[in-house]
Each structure stands twice: as C-alpha cells, then as structure tokens.
4 protein chains.
Amino acid sequence: MVEPHGKGGRPRSEQARAAVLHAVDDLVVELGYSAVTLKGIAERAGVSRQTLYRWWSTKAEILLEASAIDARQELDVPPHDDPATHIAAYLDALIAFLTGSAAGTAYRALLGEAQHDAAVAELLRNSDPLGESAAAAIERALPGDALALPMPQATALLVGPVFFWILSGRATEALDSNQLTDEFIRLAGVISSGS
Amino acid sequence: MVEPHGKGGRPRSEQARAAVLHAVDDLVVELGYSAVTLKGIAERAGVSRQTLYRWWSTKAEILLEASAIDARQELDVPPHDDPATHIAAYLDALIAFLTGSAAGTAYRALLGEAQHDAAVAELLRNSDPLGESAAAAIERALPGDALALPMPQATALLVGPVFFWILSGRATEALDSNQLTDEFIRLAGVISSGS
Amino acid sequence: MVEPHGKGGRPRSEQARAAVLHAVDDLVVELGYSAVTLKGIAERAGVSRQTLYRWWSTKAEILLEASAIDARQELDVPPHDDPATHIAAYLDALIAFLTGSAAGTAYRALLGEAQHDAAVAELLRNSDPLGESAAAAIERALPGDALALPMPQATALLVGPVFFWILSGRATEALDSNQLTDEFIRLAGVISSGS
Amino acid sequence: MVEPHGKGGRPRSEQARAAVLHAVDDLVVELGYSAVTLKGIAERAGVSRQTLYRWWSTKAEILLEASAIDARQELDVPPHDDPATHIAAYLDALIAFLTGSAAGTAYRALLGEAQHDAAVAELLRNSDPLGESAAAAIERALPGDALALPMPQATALLVGPVFFWILSGRATEALDSNQLTDEFIRLAGVISSGS
DNA sequence: ATATAACCGAGACGGTACGTCCCGTCTTAGC
DNA sequence: GCTAAGACGGGACGTACCGTCTCGGTTATAT
C-alpha cells in the first residue's frame, strides 16, 4: 500500500498505521460511520492528526483500508462441488456480510458515500469486493462455457436482488438463498441446464 | 408536511416553503449532497435558519420532500399492452432516473445516507419510490395470478440488477433493458408463459 | 467601541464581552503574553472561539481593549501645584506602570509586538496612553508659553529615558524621579526658569 | 556559539552555520520577525531542523547572532574632535540603525520579544549594542570628569528620547539630532560647559 | 378594534470538526 | 559524530456549520 520512502528520514511507523486501522474499525462499530471523525480516530489511536493526513486523505480511505481485507475474507466461501450449493453458500455469505458484519457495515457506508462523492466512488471502483467475489463464485459454479451471460451482467443478476433488498431496508428474514440460487441458475446457466 | 397550528396566529408561509424546496433542489445539483448545508439552504432561499428547523428536522427530510414528487412522476411510465414492452419501458425510466435525473441523484444520496443513519432509513421506508413504482409496473404487466413470485421478491428481482449496476459505479451503456426484461419475465412470469 | 448592530438579530452579549476581557487580563498575568492563545481565552471565558473572531481580530486587539482603561487610570496623576512635584509624581506613576502593573505589562507586550506587526503598531498609534498622559502632565506643570519645546519632543524628552531604562531591562532601583524631573525642567522649562 | 566536541567525530559544519545566519537575515527582512520559523530557516538554509536545535535554542538566539556584528558596526561612528559633532553623528547613526537597517529591525524585534520572554531579555542583557555604543560615544565626547552624570543615566538620557520616539511609532522626520545633542550636552556636560 | 399568538428575517451564542502549520523530538541512512 | 531527510505526538490556528437563542416586526384569527 505504501512504499518505504525516498531515502533518508525516519521510516513510517507501522505501529501508528495499525493503531489507526484498529481505531477506525472500533469507532465505526461503536458510533456509526457519520459520527466517526478524523479527530476522533486520531485521539483513539493515540496518533497525531497530522499523521492521519500524511497517509490518508479522507475518512473513507482509512475505512476502506481497514475493512477491505475482512471484506474479502468474509466473501470468500469454500468451494462446493454442486453449483447450486456453491452459489447458495455465496449468497448466504453475502447476506451475512451486508447485514451483520463490521466490514459489511463499512462497505455499505462507503458505497453510500460514493453516491455523492466522486473520490469515494473512484476508490470503490478500484476495490470492489462484491463484484470480485461474485465473479469468483460464479466462475467456480459455472465454469467456462456453461455461462450464458457475460460475467458482469451475471454478477449483477446474482448480487443485485439481495443488494437492493438489504440496502433499501427490507427485513432480511424473507431472503431465501436457495430460491435466489435457483432463479439465478435457471437464467445464467441455461447452457449447462439445457434450458 | 406539518399543517395544524394551535388556533390563532400567523399561518405558515407557503412562499417560504416553496423557496426552501427550490433552493435545496438547486443546491443539490450545483454542489452535491454533502456540500449542501442548512445554512446554505436558508441563505439561498432567503429564509431564516429558524424557519427551517421549525418545519423540518434534517437536510434529508427537506431533500426528500423536494424530490419525492418528481421521483414518482419520473418512474410512472404510461401503460403498454405488451407485458415485455411495459417492463422494458419501466426499466428505461428507472435507469434514466437513477443516472440522469436530479430527483434520482437526490434519491441515491438519501439512500446512501440511510446506510448509516437510521432516521433517514426510516424516512425512506415510508416513501419508497423504487419499490412502489416497480410493483405498479409488474402489476400492470403481469396482473393477478400470472406472477409466479410474491411481489416483494419480484420487485427485487426486477430492480436489483439495475440498482446494483448503477450504485456500484459501473458504466451505464452496457445496460440492456430488453435483455433484462426477458430474463425477468422468464422468471417472474413462469405461470403465464408456461415456463 | 462597538455599535449596537444593524437592525434585526440577537444583540451582542455584553456578558460575553466582559468575560473575554476579564479572561485575557487574568491569563496575561498568569501565563505571560506569548502563552496566551485565543483558544485559551475562549475556554477561560466560557465563550466560543467564533465569538472572539466575530468581535476582535487578534490577541493584541483584545488585550488592548482590556488594558487601555486601566492604563489611563494608572497614568493619570492628581495635580500638584508645584511643577517639579507634579512631574516627579507623573514619573513615579510611569515607572510603576511600566514595571509593576498588569496593564503596564500588557502595554509593554503590545509595544513589543508592534515592532514587528504593522497592525498592532497601528492600534497603538490610535491609543497611546504614554504619549497622552505625558502631554497632560507637562501641560499641567508647564502650561502655555512656559514650554520651550514642541509638545511631542517634550514628551519624548520626559518619557524617553525611563522608557529606555526599563525596556532594555535595567534594574529599576537606580531610577530617581527627582533627578529626572530636574533635568527635564531645566531643558523643557527654559523660558519660565529664565535659563 | 558552541565550539568544543568531545574528541573524535565529524566537526561542526561551518558552512551550515553560515547558511543559517544568512537565511535568518534574509527571512526576517522578507517576512518579518514573527513569520520567521525554525522550519523556514532550516529549509531556506538547506539544513536539517536537528542541526538548528543542536547549536541554538531559539529563533531569538539565531537572530541575535546573525545581527549582532552588523549592529555594532552600524553604531560605531568615526570620532570627531568636537563633542557636539560626535554626539550628533552618533545620534544620526542610532536613528538610521533603528529605523532603516536590517540589523536594527532585528534588534527591535528582539527587544520586543524580550518584553514578554525572560530568556530573550537575558540574551539582550548580555549583548546590548545600544547601551554599549552610547557609552562609547559619550566617553569619546565627554571623557573622564567632564561628565556630570553616572554613565548609565547619561546613556539613557542620550538614547531614551530617540528610542521612545521610534519605538512608539512616531514619524522619524521630526527627529533633529542637533537639537537633541544640544539638550544632551547642556545636561550631561554641565561641568565642561560651565553651566 | 384590538389583543393574542404564531409566524417571519436576522444574526449572535456555545460547541465542535475541519485541514493546515509549526513546535521540539526521534529515527533512519550516509559521509 | 555530524549531516540531511523526514515521520512522530502535540497543539494553536482561522473557518465553517451545527442547533439554539434572542431580537424587532408582521400577519391572521378570536375576542
């Protein structure tokens, strides 16, 4: 993420970096995204404000760095041989990520910010855990020519309904990953299923 | 938004209300959601700050009131006899709304805010132009028992992919409403189409 | 010092103004001029920082307003019939002001700042307790045509040696106001004394 | 300022020292005393901040070292046989120093700082170009027993009026060194003049 | 008619985060 | 052991907006 540095000079404190990332993680859970301030992060991390501004530009950038790794882990499901089982497992992971996890809360906040902040939108475009994980899950379940749609559209078809359901504030109990999987496979896997 | 006032006294100034709603509409286009402030709205509208706080609680509430009517209009497509044509027309309207219109920009901003602000989430739950318009379009295209899914799931299936595509910052040129319509009808209209 | 205000709006809080002036007076004694900060003044006075900036521009301006009245009082000696006695009394007051008093400490700090801050210099030029008080004392002791020098030069002659002595950090015990008075009167009062 | 270093090791860089003194001289003229910062000096001199702190304690100390030599030179007037001429020449040099020269500007800034910074006051007490030069000029003009006053008082009498006039921001055109000289000699040289 | 009550604008209030700057210290690598 | 480079925690700067609080004035209705 960060190069060592030019030549001379004191090296960047890895301790400070870790403290910041931990602090922002804690604070976003405790207070919610909008109540997290750079001042608050600095104080919680025991770090000067200048140090924050030296290495990050915005709250969003810090939060993204703090949650990206967790996000990828949570969305990386172990492979199943049965395509439907694999897709359903992925959808369950996706639902859990978006509704229950700290990293998912951070992701939703960042995606919200991206709707009215071009810089955040750009950040997310370069680090898109949902799109990437969905593509991986589909590739695993319906490899190669078994996919009747281009991958981007396929990911939107898979992820979109869940994504809309949750972001628009609907209750999550009604989400049935098996049903969603069936629907998806019927559309996206037409070739292999012989539709 | 608020109507009654005890008994006597000066009535609410409709002129002030209209000036505020216009001002917030202009400002959110000019500056973007996050740069709009209550102070700025008051100054632009030629209204005192106290008046804002008297009738609205938050920036989000004003913006919702200012954009809700436009949103409903833009998402209300004229009926077509052919189900597929009707759905496709709705999807085109949805895409235009989310990507191009002022009301859609406001909606995206509010939905973003709702991800980390429970009050805004509550507001949106009581005024959900996407869900309602999608339900209306589906009802028109696949009325009564021709729908193989419960309506909420059907709306998510119809709206979700577009919604995810746009909110996650993908280029909109690749969106093909006819293809999306086909997919939707094949899934949601299984009964009428005989699958 | 400050007009009421345009027309509408909440009037300026006299309580806040007084609290600021007291706070700055206290702080400059407790901490010394350079350790007084606008932040510190605001906190001590229980006033917001914005309120300070609304009514004053700089630390110097606040301090001047806080100490000007005291300065004038301390340098306004009761009249004596004997010219030499009056001048000597004035010199004693001047020495006490410059070395011992809070207002004098503030004055010295401001005059120091004026040496490298044109804005402070301008402030002091419009509010010059030393020059004015010295002129008054001379006028009282050697009225009208009994003064052999133009008044500005006479004030410099009277005040200058004491001023230099103290500002350049010499011990004040060696200052003899009677001797200085004699010297001054021999020069400035040549006409009346018949030289 | 500091010379010795244990035994071995790299010796102090004379080049760095000179660069610092030049830099501070330039900067105090360009920006004024209060806008000069140690950071700025280091950057201008191409020297690390640590090096500054190693050899000097404060901005004032650097500035004093940078300007002391110039100050002494500017206040050291060539001798005249006539006492009045010598004193007048000294006063002209003093006026030029305090109002026009870079070293004089530095001196005024330091003296201002000394009014509220005991450390700077101590520095100046150990390096008092005004007092010393004035004493030298008086000694040259009124040597030995021709002086009716103790030397410290005599210097205050000579320097004080000019000093007050300039530091209190009065226009310098009105200063007449010949008149000031006459007054001084009438008082301080009473014995020789036979008053 | 005239009180009463709720509205209106203007704008000051205490509070707090912003992003920047400099402080004095510390930690590197290089000569 | 000095040097340049530059990151560190700390803290004040001046600005902006928050939500609240007076002000003086302006309408309507209810007496």
Side-chain angles (χ1 to χ4, degrees), chain A residues 4-13 15-17 35-43 45-55 57-59, chain B residues 4-13 15-16 35-40 42-43 45-55 57-59, chain C residues 4-13 15-17 19 35-43 45-55 57-59, chain D residues 5-13 15-16 35-40 42-43 45-55 57-59:
Chain A
H5 46 94
K7 9 167 99 190
R10 181 176 180 173
R12 175 174 183 182
S13 162
Q15 179 183 334
R17 176 177 174 273
V36 173
T37 65
L38 286 173
K39 186 172 186 285
I41 296 169
E43 284 168 2
V47 146
S48 87
R49 223 120 63 78
Q50 183 75 59
T51 296
L52 255 53
Y53 287 106
R54 210 188 320 269
W55 300 112
S57 299
T58 61
K59 174 165 75 163
Chain B
H5 43 95
K7 16 168 119 188
R10 181 179 181 172
R12 175 176 183 183
S13 162
Q15 177 182 334
V36 173
T37 64
L38 287 176
K39 185 172 184 286
E43 284 168 3
V47 145
S48 88
R49 224 119 60 78
Q50 183 70 232
T51 298
L52 257 53
Y53 287 107
R54 206 189 320 271
W55 301 112
S57 299
T58 62
K59 172 164 78 162
Chain C
H5 44 97
K7 11 166 98 192
R10 182 176 179 172
R12 176 174 182 183
S13 163
Q15 178 182 335
R17 178 177 173 273
V36 174
T37 64
L38 285 173
K39 186 172 186 286
I41 296 170
E43 284 168 2
V47 145
S48 88
R49 223 122 63 76
Q50 183 74 54
T51 295
L52 256 54
Y53 287 106
R54 208 187 322 266
W55 301 111
S57 299
T58 62
K59 174 165 75 163
Chain D
H5 43 94
K7 19 167 118 185
R10 180 177 181 174
R12 174 175 183 183
S13 162
Q15 177 183 334
V36 173
T37 64
L38 286 175
K39 186 172 184 288
E43 284 168 3
V47 145
S48 88
R49 223 120 59 77
Q50 186 69 63
T51 298
L52 257 53
Y53 287 107
R54 208 190 315 274
W55 301 112
S57 299
T58 62
K59 173 165 76 163

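Hydrogens, waters and symmetry mates play no part in the numbers below; they use all other heavy atoms, side chains included. Per chain, numbering begins at 1; letters A, B, ... match sequence-line order.
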Min side-chain heavy-atom separation B:K59-B:T37 under 4.5 Å: no

Please state how far atom CZ in B:R12 lies from atom C1' in E:dA5, giving the value in whole angstrom units. 18 Å

Would you mind reading off the distance between A:I41 atom CD1 and F:dG9 atom P, rounded to a whole angstrom? 14 Å

Output all residues satisfying side chain to side chain contact (heavy atoms under 4.5 Å, CB included) with D:S13, sequence neighbours left out; order by chain, then residue number. D:Q15, D:A16

Quick one: does NZ or CZ of B:R12 land under 6.0 Å from the six-membered ring centre of B:W55, within 45 degrees of the ring axis? yes

C:W55 side chain near E:dC13 phosphate (N/O to OP1/OP2, under 4.0 Å): yes

What residues form a side chain to side chain contact (heavy atoms under 4.5 Å, CB included) with B:S48, not counting sequence neighbours? B:Q50, B:T51

Just the rounded figure in Å: distance from P of F:dG6 to CG of D:L52. 17 Å

Contact pattern, 5' to 3', of nucleotides 21-26 of chain E - B, S or - by protein heavy atom under 4.0 Å: BBSBBB

Hits for side chain to side chain contact (heavy atoms under 4.5 Å, CB included) against B:S57, two or more places apart or cross-chain, chain-then-number order -> B:E61

Closest non-hydrogen atoms of A:L52 and A:L38, given as atom of the first, atom of the second and distance, are CD2-O, 3.3 Å

Between B:S13 and C:V47, name the one whose nearest nucleotide on DNA chain E is closer to the 5' end. B:S13

Just N and O in the side chain of C:S48: are any of them under 4.0 Å from OP1 or OP2 of E:dC13? no

